[in-house]
Amino acid sequence: MRILLAEDEKKVAGIIVRGLKAERYAVDAHHHGQSAWEAASTYDYDLIILDLMLPGLTGTEILERVRRKNHHVPILILTAHDGMADKIKNFEMGADDYLTKPFAFAELLLRVKALLRRGPVNRDSVLRVGDLEIDRLSQNVKRAGKKIELTAKEYSLLEYLATNPGRVFSRTMIIEHVWDQSFQGLTNIVDVYVRHLREKVDDASPVKLLRTVRGVGYSLNDGSQT
Amino acid sequence: MNTRSISFRLVAWYAGLLAGIFLLLCAVLYLDLRHFLEKDLAESQSRRTRQIANTLLVHVKQTGESYVASQTKDWYKPEINDRFIRITRTDGTQVYVSGTPDDGSFDPAEVPVFSPSSETESYRKLKLSGGKTLLIAALNFKSSGNPDYLVEFGELLDPVETMLDRLFLQLAWGLPLAIFIIAGGGYLLVRRALTPVEQITQAAERITQHNLSERLPVSSTGDELERLSVSLNRMITRLDDAFQNSKRFVADASHDLRTPLTILRGELENFACDARLDSELRERAASLLEEVVHLGKIVEQLFTLSRLDDGEAQTEWTRFDLTELAQTTVGQMNLLAEDKGISISCDASQPMFVKGNHVRLKQVVVNLLDNAIKYTPENGAIQLRVHGVNGHAVLEVKDNGIGIPPDALPHIFERFFRVDKARSADSESAGLGLSIVKSICTAHGAEVEVQSTVGSGSCFRVKLPLSKN
């Protein structure tokens, strides 16, 4: 998998490149709009990560040019602006996803993976993490064969964490997916829900699945994945 | 009518002043005319007494008293002319007294004798029983060799009084009418002159932080009002510049803070997750990471505010049920409250349809509830109520928490304002939650107010106009 990264901030680019390389992706980083566009038109990338504020050509201009060539390559926009109008404009021009700085690298990685797999993130109707079973059709949750009663929100949270076992989800990501934008900044609600979920899912079992990664967020992990 | 308005006061003063001056003028005119006419009549009578004395009484020795009497009667014809003439010798003998006048207004026999004691008192007025007044002049005639005579000559004051009455009537009618016309005309004139002021006021009312680019109408009349609107416009321009500057500052600052925050966060995440590092180091990195995330949250909220300043909440308006929104939000926040042993009751049953940005209005409810939960001690109670009050939907969040001191109340919607600096240390928020609430409410034309008593709790009330269709 080959990824083009256009980001003028060298340190930010460095972190992303390091992180993506650790996940075994091939990454080409460009700090200038013009060179990024040349690379995009020369090579066949699997994904393009575009910062909007670039010298030379802006991210929006590159997005426009790539789409004009009718490329079906997924494009992820990185920006320091998260105005609703900007977001809509870029989606209309063909962006596939949008990430606002500052972001957790975990979140970037999750989005990159989702874009590269394009949909079939996990289509199984039953998600399994260790001895935890989540039936997405009936919304039944079982631990070691024993049924666990969850509220609707607890279920959504658990299901979201279970879509990528071992992956760390930031509180902001969880808020955005399980709640909605109105809860922005109210991350302590996630902690409360995770605590309740933990009581129901983990308390009765010696193996703790719900893990806290301090400063980053939460993950659902049976120990086989890290 | 507003009695404090400039137009009213101006007209009232000016009409009052004019009325005073007119009244004074009329009184002077009336009294002076009255005095003049009476004096004039009295003088002509004095003249006649002197005529009688100097032409007839002088020669009384030669002609005899009966001649004097018959001549006087012939010359003045007192009965026909409603006059009163009496010539008396000082010893009391009447030489001549006129007969009853044709109109019968007085009986000459009844008229008391008027003998002027001094030079100045040359005439007097006698009120008759019929309501008329007789003006009598008298003359003491002394000449050597002749007996002393008293000559009295009287005439009715009637024509003078009729004339004065008529004048009085005309003034009594004319004065109020004139004042009325003056006041009416003045009011119209003042209103016309002040219309631009009214227009300027209305235009100024419409200008808020969201349309500071608008200007007041300037009528190019070259008068004071033109100068006023021009200088007001210049003031709005300066305000606009200052406002744009501060807005740009917040936007630029939060934008420029994001890149270093991204770097910090990325690097610290690497440290915190790097299994090769010592666990104590990782723990420290994680602690730093938490602070960076908190910092990021503050920047996020600042950015939200700057976007709201830009009018973001005025876009994507839909019509929805505020009651339903309140119920769902309470459901979503319930656990957060339960965690602190706080109960939330939701008293909202009637559908209340409002128009607005759904996401942002939900944020209002979320922030208010979050605030209430934060400042209510364990086992407290929070009440959320949605009800309708004449054309408005009122959303009320009431808690029985620690309350807000009165001196802090006017400031709680200000950015970064903290009621208690000490309390902020452990708290997660940046003191921007209520500013965001205020900003969203303003964008929706909604009022937000707060009542609070220290120790017994606070009540936040948001009043949104109901949507009819």
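Note that the structure is a prediction, hence the values are computed from the model and not measured.
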Check your understanding: More than 12 foreign heavy atoms under 6.0 Å from CZ of B/Phe271: is that the case here?
Key -> no
Point to revise | Segment of B/Ser306 engaging chain A (4.5 angstrom heavy-atom cut-off) | key: neither
**Study point:** A/Lys10, NZ atom: more than 12 neighbouring heavy atoms under 6.0 Å
**Key:** no
Check your understanding: What do you reckon, is CD of B/Glu324 surrounded by more than 12 foreign heavy atoms closer than 6.0 Å?
Key -> no
Revision key, fill the gap. Looking only at B/Leu261, B/Leu336, B/Asn270, most heavy-atom pairs under 4.5 Å shared with chain A are made by B/Leu336
Check your understanding: To the nearest 0.5 Å, how far apart are CZ in A/Arg214 and CZ in B/Arg282?
Key -> 13.0 Å
Review point. Roughly how far apart are A/Leu99 CG and B/Thr262 OG1, rounded to 0.5 Å?
Key: 9.0 Å
Exercise for review: Can you measure from CD (A/Glu9) to CZ (B/Arg258) and round to the nearest 0.5 angstrom?
Suggested key: 14.5 Å
Check your understanding: Heavy-atom distance under 4.5 Å to chain B: side chain of A/Ala104, backbone, both or neither?
Key -> both
Exercise for review: Specify which of B/Ala272, B/Ser287, B/Ala285, B/Pro260 makes the most heavy-atom pairs with chain A at under 4.5 Å.
Suggested key: B/Ser287
Check your understanding: What residue among A/Asp8, A/Asp51, A/Val12 forms side chain to side chain contact (heavy atoms under 4.5 Å, CB included) with B/Thr259?
Key -> A/Val12
Review point. Checking A/Thr151 against chain B: side chain, backbone, both or neither under 4.5 Å from a heavy atom?
Key: neither
Practice item. Please check if atom NZ in A/Lys142 has more than 12 non-hydrogen atoms from other residues, nucleotides or ligands closer than 6.0 Å. Key: no
Study note, to complete from the structure: Against chain B, residues from residues 193-202 of chain A with at least one heavy atom under 4.5 Å, in numeric order, are A/Tyr193, A/Arg195, A/His196
Check your understanding: Residues of residues 13-23 of chain A under 4.5 Å from chain B (heavy atom pairs)?
Key -> A/Ile15, A/Arg18
**Study point:** Choice from B/Leu289, B/Leu335, B/Leu288 maximising heavy atom contacts with chain A below 4.5 Å
**Key:** B/Leu335
Check your understanding: Quick one: CE on B/Met333 to CH2 on A/Trp179, what's the gap to the nearest 0.5 Å?
Key -> 11.0 Å
Check your understanding: Going from CG on B/Leu264 to NZ on A/Lys11, what distance comes out if it is rounded to the nearest 0.5 angstrom?
Key -> 8.5 Å
Exercise for review: Compare every heavy atom of B/Arg265 with every heavy atom of A/Pro102, then report the nearest pair and how far apart it is.
Suggested key: O-NH1, 3.6 Å
Review point. Using non-hydrogen atoms only, which part of B/Glu291 is less than 4.5 Å away from chain A: side chain, backbone, both, or neither?
Key: neither
Practice item. List the atom of B/Gln332, the atom of A/Ile189, and the distance in Å for their closest heavy-atom pair. Key: O-CD1, 3.5 Å
